[in-house]
Amino acid sequence: QVQLTESGGGLVQAGGPLRLTCAVSGSHVTTMTMAWFRQGPGKEREFVASVTYGTPTTYYADSVKGRFTTPRDSAKNVVYLQMNALFPNDTAVYYCAANPGGILPQHLVFPSMYRYWGQGTQVTVSG
């Protein structure tokens, strides 16, 4: 049974950094496409970033490109979401998602493509 556990959320001031961690059990990050989604108050769940299985390739939503990165640590079996220069509209519950094997790049943004989900972690950016 694959389980994803997010941690690292909290309250941060605008302009500051925050790092989220997604710990994987029951499988390995190198065999799955990993992704981060977020859902703000009254909004739909939206794609934030992903890292592919095998030799990692990363993809980012335009709204976070240049500010967020999602490195993978194979030894620790975790994926991070390093968030810099946070804005108040980055406030959301952030979810880690995973799917065994690959996903076509044009499909990475769809939540339905991911089989496994974490419980989410709240990120609040104060202005």
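What you see is a predicted model, and the numbers here were worked out from it, not measured in a lab. Reckoned from all heavy atoms, side chains included, excluding hydrogens, waters and symmetry mates.
Rounding to the nearest 0.5 Å gives a distance of 14.0 Å between CZ of Arg38 and OG1 of Thr121. Rounding to the nearest 0.5 Å gives a distance of 14.0 Å between OG1 of Thr58 and CZ of Phe68. Rounding to the nearest 0.5 Å places OG of Ser25 at 7.5 Å from CG of Leu4. Rounded to the nearest 0.5 Å, atoms CD (Gln119) and OG1 (Thr5) are 6.0 Å apart. Atom-to-atom distance recorded for Ser50:OG and Asn99:CG is 11.5 Å, nearest 0.5 angstrom. Taking CG of Leu81 as the start and CG of Leu18 as the end, the distance is 9.0 Å to the nearest 0.5 Å.
At most 12 heavy atoms of other shown residues, nucleotides or ligands fall within 6.0 angstrom of atom CD in Gln13.
Here disulfide (SG to SG under 2.5 Å) pairs that include residues 30-84, with residues two or more places apart or in two chains, number zero. Sorted by first and then second residue, the pairs that involve residues 47-70 and meet salt bridge (charged side-chain N to carboxylate O under 4.0 Å, His left out), not counting sequence neighbours, are Asp62-Lys65, Arg67-Asp90. Applying the salt bridge (charged side-chain N to carboxylate O under 4.0 Å, His left out) rule to pairs touching residues 106-127 yields nothing, sequence neighbours excluded.
Counting only heavy atoms from C-beta outward, the side chains of Val24 and Val79 never approach each other to under 4.5 Å. Side-chain atoms of Tyr94 and Glu6, non-hydrogen and from C-beta on, never get closer than 4.5 Å to each other. At a threshold of 4.5 Å between non-hydrogen side-chain atoms, the residues Gln106 and Leu108 do not count as touching. Contact of the Trp36 side chain with the Leu20 side chain is registered, since non-hydrogen atoms from C-beta on lie closer than 4.5 Å. Side-chain contact between Val29 and Val78 is absent, with no heavy atoms from C-beta onward closer than 4.5 Å. Contact check for Tyr116 versus Pro100: side-chain heavy atoms found under the 4.5 Å cut-off.
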Step-by-step side chain to side chain contact (heavy atoms under 4.5 Å, CB included) determination, Tyr60 to Thr70: CA-CA 9 Å; Tyr60 299 95; Thr70 184; 3.7 Å; yes
Side chain to side chain contact (heavy atoms under 4.5 Å, CB included) assessment of Ser126 paired with Val12: CA-CA 6 Å; Ser126 64; Val12 62; over 6 Å; no
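Listed here is the closest heavy atom pair of Ser74 and Thr30: OG-CG2, 3.3 Å. Annotation for Cys96 and Met34: closest pair SG-CE, 3.7 Å, computed over non-hydrogen atoms. In terms of heavy atoms, Asn84 sits closest to Pro17 at OD1-CB, 3.5 Å. Considering every non-hydrogen atom in both Tyr53 and Met32, the closest pair reads CB-O, 3.3 Å. Nearest approach of Gly127 to Pro88, heavy atoms of both residues: CA-CG, 3.9 Å.
Taking the ring centre of Tyr80 as origin, the terminal cationic atom of Arg19 falls inside the region bounded by 6.0 Å and 45° from the ring axis.
Taking the six-membered ring where tryptophan is involved, the planes of Trp117 and Tyr114 are perpendicular, since the angle between them exceeds 60° and thus also 30°.
A continuous path of Ile, Leu, Val, Met, Phe, Trp and Tyr side chains, each step under 4.5 Å between heavy atoms, connects Val109 with Met113, placing both in one hydrophobic cluster. Both Leu86 and Val64 are part of a single hydrophobic cluster, where members link through side-chain heavy atoms under 4.5 Å apart.
A donor-acceptor pair under 3.5 Å is absent between the side-chain atoms of Tyr95 and the main chain of Gln39, judged by distance alone. Side-chain N or O atoms of Thr91 include one that pairs as donor or acceptor with a backbone N or O of Val125 at under 3.5 Å. No donor-acceptor pair closer than 3.5 Å links the side chain of Ser27 to the backbone N or O of Val2.
You'll find the ring centres of Phe47 and Phe37 inside the 6.0 Å limit.
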